[in-house]
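What follows is a set of notes on a single structure, which appears directly below.
These numbers come from the heavy atoms of this one structure, side chains and all, not from hydrogens, waters or symmetry mates.
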Amino acid sequence: MFLDIISIVIGVFVVLKGADFLTDGAVSLAQRAGIPEMIIGLTVVALGTSMPELFVSLTSAIQGTTDLAVANVVGSNIFNVLLIAGAAAAVAPMTVSKGTVRRDIPVAIGASFILLCFGIYGVINRWAGTLFVILLIAYMAYAVKTASPDDESDVEDKKLTVLGAVIRLVGGLACLVFGSNAFVDAATNVAASLGVSDAVIGLTIVAGGTSLPELATSVVAARKGQSAIAMGNVIGSCVYNILLIIGVTGLISPMVIGGITPLDFGMMMLSMVLLWLFSFTKYKVERWEGFVMLALFVGYMAYLVYTI
C-alpha cells in the first residue's frame, strides 16, 4: 500500500512535468512558425493542460479500467469548476470574459449533457468517440473564428531552439506515458486494497491529481487580478476534457460505464450551469458565490466518502 501511494505521488509529478515539457516544446515550435499567440492559447496551450487527463484516461481504458477513465474526466471537471473556480473566487472576485460566458461555458454545458446521456446509456463506443472528436474540431474552429483580445491566453515566449523544442516534445510525451502507467497501476491497486471502486478513485484522487496545475494557476491569477485568463483556461479545459479525452479514448478503446452514477454526471453538469448563472450578469464570480461552489464541492466529496 505504501509503495502504491508513493507511486501515485511520483506518477502525478511525472505526468504534470511531462505536460509542461510537451506544452513548452509545442508552443516554441508554433511561435517559430509565426502562429499568433491567441491561436496558440486557444489550441496548443488548451490541449497541453488536458494532456494529464488524456493520458491517464487513455491508459486506464487500454488497461481495462474504463470506470477510472470516465471518472477522471467527470471528476476533473467538477474539481475545475467547484474547487478551482470556487477557491479562486473566494480569494478574490473572478472576472469572466465575454467569450467564456457566451461561447465556452454554453459549449461546456452542452458537452456535459451529451456525456450525461451516454453515461445513462452506459457505453461509449467508437461512433460516440467519433462524434466527440467532430464536436471538438467544430469547437476549435469556432473558438478561433470568434476569438477576441480578452480570450488570449498568457503565452510566454518559449522560442527554444528547434532541437530543444523537439527534445521537450519527445521527453514530455515519454513522461506522460511513463507517469500515466505508474499512476493508473498504483491507483488501481489502492482501490483494490481498500475495496473502493475505480470510479470513486477516479472521481477523487485521480481527478484531484490531474487538476493541480489549474488550481495553482487560477488561485495565483486571482490574487494578481488576472482572473479572466485563468477562468477561460479552466472552462476551456473542461470542454477539452470531455470532447478530446472521451472522444480519443472512445475511438481507441470503447468503454462500458458501470461505476459512475447519474448523480456524478449530474453534479458535473450542475456545476457548469451554476458557474454560468453566477457569471452571466456581471461577467464576474463574487466571493460569496465562490464559497457556495466550495461548499457544494465539500458536500459532494463528503457524500462520496460516506458511500464508500
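Taking the side chain as every heavy atom from C-beta outward, Y240 and I235 never approach each other to under 4.5 Å. Residues V292 and F278 are in side-chain contact: their nearest non-hydrogen atoms beyond the backbone lie under 4.5 Å apart. Side-chain contact between L82 and L294: absent, with no pair of heavy atoms (C-beta onward) separated by less than 4.5 Å. Annotation: side chain of K284 is in contact with side chain of E286 (closest heavy-atom distance under 4.5 Å). A 4.5 Å side-chain heavy-atom check between V74 and L115 finds at least one atom pair inside the cut-off. Contact check for L274 versus E289: no side-chain heavy atoms found under the 4.5 Å cut-off.
Partners of R102 according to the side-chain contact (heavy atoms from CB on, under 4.5 Å) rule, which considers only residues two or more places apart in sequence or in another chain, are K98, Y283. Not counting sequence neighbours, the partners of I137 by the side-chain contact (heavy atoms from CB on, under 4.5 Å) test are V133. Listed by chain and residue number, V162, V170 satisfy the side-chain contact (heavy atoms from CB on, under 4.5 Å) test with V166 (two or more places apart in sequence, or in another chain). Evaluation of the ring pair (Phe, Tyr, Trp, His ring centres under 6.0 Å) rule for F280 yields W276 as partners, not counting sequence neighbours. In this view, F178 and V14 satisfy the side-chain contact (heavy atoms from CB on, under 4.5 Å) rule, not counting sequence neighbours.
Between the CG atom of L304 and the CE atom of M267 there is a distance of 8.5 Å, given to the nearest 0.5 Å. Interatomic distance, CE of M140 versus CG of L244, reported as 8.5 Å (0.5 Å rounding). Between the CD1 atom of I114 and the CD1 atom of I246 there is a distance of 12.0 Å, given to the nearest 0.5 Å. Annotation: the span from L83 atom CG to L296 atom CG amounts to 11.5 Å, rounded to 0.5 Å. The OG1 atom of T100 sits 6.5 Å away from atom CD1 of I105, with the distance rounded to the nearest 0.5 Å. Once rounded to the nearest 0.5 Å, the distance linking CE of M272 with CG of D104 reads 10.5 Å.
Nearest approach of R126 to I252, heavy atoms of both residues: NH2-O, 3.3 Å.
Evaluation of the ring-ring contact (aromatic ring centres under 6.0 Å, His included) test over residues 6-29, restricted to residues two or more places apart or in two chains, returns none. Pairs of residues two or more places apart, or lying in two chains, never qualify as ring-ring contact (aromatic ring centres under 6.0 Å, His included) while including a residue from residues 242-270. Sorted by first and then second residue, the ring-ring contact (aromatic ring centres under 6.0 Å, His included) pairs involving residues 57-91 (not counting sequence neighbours) are F79-F297. Within the structure, no pair that satisfies the salt bridge (charged side-chain N to carboxylate O under 4.0 Å, His left out) test touches residues 233-260, not counting sequence neighbours. Screening residues 106-121 for side chain to side chain donor-acceptor pair (under 3.5 Å) gives no qualifying pairs among residues at least two apart or on separate chains.
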I'd like a table of donor-acceptor pairs (distance under 3.5 Å, sequence neighbours excluded) in which one partner is a side-chain atom from residues 253-263, with atom names and distances.
residue: S253; atom: OG; partner: A61; partner atom: O; Å: 3.3
residue: T261; atom: OG1; partner: L263; partner atom: N; Å: 3.4
residue: T261; atom: OG1; partner: D264; partner atom: N; Å: 3.3
residue: T261; atom: OG1; partner: D264; partner atom: OD2; Å: 3.0

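R287 contributes no side-chain N or O that, together with a main-chain N or O of A92, makes up a donor-acceptor pair within less than 3.5 Å. Between the N241 side chain and the V73 main chain, no donor and acceptor come within less than 3.5 Å of each other.
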Practice problem: Under the side-chain hydrogen bond (donor to acceptor under 3.5 Å, both in side chains) rule, what do S57 and N72 come out as? Steps first, then yes or no, please. | Solution: CA-CA 7 Å; S57 292; N72 179 31; 3.0 Å; yes
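L163 belongs to a hydrophobic cluster whose remaining members, ordered by chain and number, are I167; membership requires side-chain heavy atoms of ILVMFWY residues under 4.5 Å apart, directly or through intermediates.
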